[in-house]
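All residue numbers refer to positions in the sequence shown, counting from 1.
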Amino acid sequence: MKKYLCLRARNSRDAKLAINIHQGKVIRSNPDADPAFRNMLEALTNKGLKPEINDCRLFCFLVEDPKNTDFYQFNEVELEISDDWFEAEKSKVRHLVGAAYCEATAKLADEIPMKDQKRKINYQVPKEMI
């Protein structure tokens, strides 16, 4: 099952290792290269998504693993979005261009619940690194 995961870590190596520990495989390290994902993420930022909490930056990946998105309720995981849902939503606005496309894909952020941005991230180095 493919999904987008945005999680908090001190560096991308730790973030990728955390995904690997949970039997995930990173398919894409830069999903924000997709204009729709970038617009949605920017809209979430405008709604209050912080780029950093407790020295932990936000890292986003397209991941494949056998788990459903409900598995990823960890404190460090900021967002978990099904690739199927995202692709279906993008296909609804694919015919739009320019500002209309940007606006439509930014509205996808309204469908995504955001965690409390004042919470503490109790960062732990992934066990495989200790």
Exercise: identify the closest heavy-atom pair between Ala109 and Ala43: CB-CB, 3.7 Å
Glu103 atom CD: more than 12 heavy-atom contacts under 6.0 Å: no
To the nearest 0.5 Å, tell me how far Glu78 CD sits from Cys56 SG. 10.5 Å
I'd like to know if the side chain of Asn39 and the backbone of Thr105 have a donor-acceptor N/O pair within less than 3.5 Å. no
Glu87 side, atom CD; Glu89 side, atom CD - distance, nearest 0.5 Å: 10.5 Å
Tightest non-hydrogen contact, residues Met40 and Ile81, listed as CE-CD1, 3.6 Å
Are Leu62 and Val26 side-chain neighbours, meaning at least one heavy-atom pair lies under 4.5 Å? no
Looking only at heavy atoms, what is the nearest atom pair of Ser12 and Phe59, with distance? N-CZ, 3.5 Å
Just wondering, more than 12 heavy atoms not from Lys47 lying within 6.0 Å of its NZ? yes
Under 6.0 Å from the CD atom of Glu52, do we count more than 12 heavy atoms belonging to anything else shown? yes
Measure centre to centre between the rings of Phe71 and His22, then say whether the value is under 6.0 Å. yes
Contact between Val93 and Tyr101 at the side-chain level, heavy atoms closer than 4.5 Å - yes or no? yes
According to a hydrophobic-cluster definition based on side-chain heavy atoms being under 4.5 Å apart (Ile, Leu, Val, Met, Phe, Trp, Tyr only), do Val77 and Leu58 belong together? no
Rounded to the nearest 0.5 angstrom, the CG-CD1 distance for Asp116 and Ile53 is 8.0 Å
Using only atom types and a distance under 3.5 Å, with no angle test, would you say the side chain of Asp34 pairs donor to acceptor with the backbone of Ala36? yes
Would you give the length of the straight line joining atom CG of Leu49 to atom CD of Glu42, rounded to the nearest 0.5 angstrom? 11.5 Å
Go through the steps for Arg8 and Arg57 under the test side chain to side chain contact (heavy atoms under 4.5 Å, CB included), then give the verdict. CA-CA 5 Å; Arg8 299 209 178 264; Arg57 295 187 350 237; over 6 Å; no
Is the closest side-chain heavy-atom distance between Ser29 and Lys16 below 4.5 Å? yes
Closest approach of Cys60 to Pro31 (non-hydrogen atoms, all atoms of both residues): O-CD, 3.2 Å
Within a radius of less than 6.0 Å around CD of Glu64, do more than 12 heavy atoms belonging to other residues, nucleotides or ligands occur? yes
Using a 6.0 Å cut-off, check whether atom NZ of Lys25 has over 12 heavy atoms from anything other than its own residue. no
Does the ring centre of Phe37 sit less than 6.0 Å away from the ring centre of Tyr4? yes
If hydrophobic clusters are built by linking Ile, Leu, Val, Met, Phe, Trp and Tyr wherever their side-chain heavy atoms come under 4.5 Å apart, do Ile27 and Leu41 end up in the same one? yes
Going through the checks in order, is the side chain to side chain contact (heavy atoms under 4.5 Å, CB included) test met by Trp85 and Leu108? CA-CA 10 Å; Trp85 173 83; Leu108 295 177; 4.2 Å; yes
Tell me whether Leu96 shares a hydrophobic cluster with Phe86, the cluster being built from Ile, Leu, Val, Met, Phe, Trp, Tyr side chains joined at under 4.5 Å. no
Atom pair CD1/CG of Ile21 and Asp14 - distance to nearest 0.5 Å: 9.0 Å
Side-chain ion pair, Lys3 and Asp84, N-O less than 4.0 Å: no
Start with the C-alpha distance between Asp65 and Lys2, add both sets of side-chain angles, then the distance that settles side chain to side chain contact (heavy atoms under 4.5 Å, CB included), and finish with yes or no. CA-CA 7 Å; Asp65 68 16; Lys2 290 182 185 175; over 6 Å; no
What's the separation between atom CZ in Phe61 and atom CZ in Arg28, rounded to the nearest 0.5 Å? 13.0 Å
The side chain to side chain contact (heavy atoms under 4.5 Å, CB included) partner of Tyr72 among Ile19, Leu7, Leu5, Leu79 is Leu5
